[in-house]
Amino acid sequence: MTQLPPRRSEGGPFRLGVIGDPVAHSLSPALHQPALDQLGIAAVYERWHTKAADLASRVESVRDPEILGASVTVPHKIAVMSLIDEVSPVARRAGAVNTIVNRRGALFGDNTDIYGFGVTVSDVLGERAPQVAVVLGAGGAARAVVLALEAAGVAEIIVANRDDERARQLAQDLHPAPVRAMRLDEEFLMRELPRTELLVNATSLGWHPGETPIALPRLDLLPAGAVVADLTYRDTDLLLAAQARGLKTTDGLPMLVHQGVRAFEMWTGSPAPVETMLAAASAARANART
Ligand code: NDP
């Protein structure tokens with residue numbers, strides 16, 4: 001059970017922010033500010049653009065009493081672990097921290113991406129955990145996905161990566177999660193996709209039109225009823241092709257929102273207004289496209 005700080009509906013003004021490089025396009029301010037405002041919490045959520053050389057001083061500044069905590073994004077999720085006082089067991093296992101909570105000057109780090117993907121999976125799959133899930137990619141996001149799938153009770157998680165050594169390292173680090181590591185190639189797709197119930201794109205491919213982690217005709221190999229999830233928070237070519245084949249899909253926006261929900265509750269001690277955050281994130285995404 002996550003320990004909540006005292007409620008912050010009184011006092012302030014407080015500050016929060018996202019630490020990363022770059023942060024100019026982060027949706028986090030758009031996600032959190034309306035939620036803070038709705039709950040009457042006197043806090044402002046800022047963008048804290050931080051180069052690697054400035055990370056230690058930036059993290060140190062989070063100890064200030066007026067700061068409730070911070071989100072951590074690319075490329076600092078690993079480096080912050082050695083700069084804070086306590087890391088949750090699940091974040092330690094994932095090897096990454098995406099949320100820092102200021103507990104009276106002591107910094108606690110957690111990984112709420114795991115929770116975020118877990119909610120996404122149960123929303124799209126219901127209570128029934130798939131037997132076989134394939135995760136494309138073996139980076140930090142793939143680690144969070146694997147831990148969420150393990151918690152959901154998925155029996156077999158196949159991690160396929162261009163660099164298969166990285167997939168093997170992931171399997172070793174996340175032991176005893178039921179992970180099989182594979183090289184992402186044609187042979188793998190032909191063999192494993194026909195029995196895949198959930199396919200997750202956790203590679204960084206998908207932001208730009210024409211970018212796909214697998215050749216789109218290979219989606220024909222999936223069984224009817226398979227679900228395709230993409231961590232990219234837009235309609236990727238992969239998702240559009242899956243939808244055209246009648247497959248159920250989900251993009252990365254619910255994961256982004258629900259990781260934010262968990263972080264918000266840790267910072268403020270109050271239940272997050274989830275619907276407000278979902279609507280705010282969708283609106284911010286739509287605006288970002290125009
Ligand atoms: P990493 O840089 O840690 O990992 C990138 C992964 O993509 C690696 O597995 C890499 O393979 C693979 N990849 C990159 N280029 C190619 C290519 N040309 N062909 C095949 N594979 C490739 O990134 P993250 O894990 O941090 O993030 C991955 C994605 O997830 C990003 O798009 C990110 O925005 C998204 N994300 C979304 C979140 C959300 O809330 N929706 C949360 C976190 C991340 P290799 O090892 O072989 O290089």
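For the single chain, residues carry numbers from 1 onward in sequence order. Values below: all heavy atoms of this structure, side chains included; hydrogens, waters and symmetry mates excluded. Whatever order the structure lists them in is the order used to number ligands and atoms, beginning at 1.
Distances from atom 13 (N) of ligand 1 to the heavy atoms of Ala281, Ser204, Gly260 put Ser204 nearest. By heavy-atom distance, the residue among Gly139, Ala142, Pro213 lying nearest atom 1 (P) of ligand 1 is Gly139. Nearest-heavy-atom check against atom 43 (C) of ligand 1 across Gly140, Ala141, Ala96 picks out Ala141.
In terms of heavy-atom proximity, Val179 sits nearest to Ala171 at CG1-CB, 3.7 Å.
Contacts between Ala202 and ligand 1, counted as non-hydrogen atom pairs separated by less than 4.0 Å, involve the backbone only. When non-hydrogen atoms are compared, ligand 1 lies under 4.0 Å from neither the backbone nor the side chain of Leu184. Looking at Thr203 against ligand 1, both its backbone and its side chain come within 4.0 Å, counting heavy atoms.
Protein heavy atom in closest approach to atom 32 (O) of ligand 1: Trp207 NE1, 3.1 Å. Atom 8 (C) of ligand 1 has as its closest protein heavy atom Arg166 NH1, 3.4 Å. Of the protein's non-hydrogen atoms, the one nearest atom 48 (O) of ligand 1 is Arg162 NH2, 2.8 Å. For atom 37 (C) of ligand 1, the nearest non-hydrogen atom of the protein is Leu231 O, 3.4 Å.
Under the 4.0 angstrom criterion, atom 23 (O) of ligand 1 counts as lacking any protein heavy-atom contact.
For ligand 1, none of its N or O atoms has an N or O atom of Gln259 under 3.5 Å away. Taking only nitrogen or oxygen atoms, main chain and side chain alike, Gly252 reaches within less than 3.5 Å of ligand 1. Taking distance alone, with nitrogen or oxygen atoms compared against 3.5 Å, Asn161 approaches ligand 1 more closely than that limit.
Contact annotation: the side chain of Leu39 approaches that of Pro273 to within less than 4.5 Å [non-hydrogen atoms, C-beta and beyond].
Counted by atom type alone, Asp230 and Thr232 present one or more donor-acceptor pairs between their side chains at under 3.5 Å. Asn98 and Thr112 share a donor-acceptor pair across their side chains, judged by distance under 3.5 Å alone. Using modelled atom types and a 3.5 Å distance limit, the side chains of Thr50 and Arg58 yield a donor-acceptor pair.
Near Gly137, meaning under 4.0 Å from any of its heavy atoms, are these atoms of ligand 1: 9 (O). Taking a cut-off of under 4.0 Å to the non-hydrogen atoms of Leu256, the atoms of ligand 1 that pass are 40 (O).
Within 6.0 Å of the CZ atom in Arg191, the count of heavy atoms belonging to other residues, nucleotides or ligands exceeds 12.
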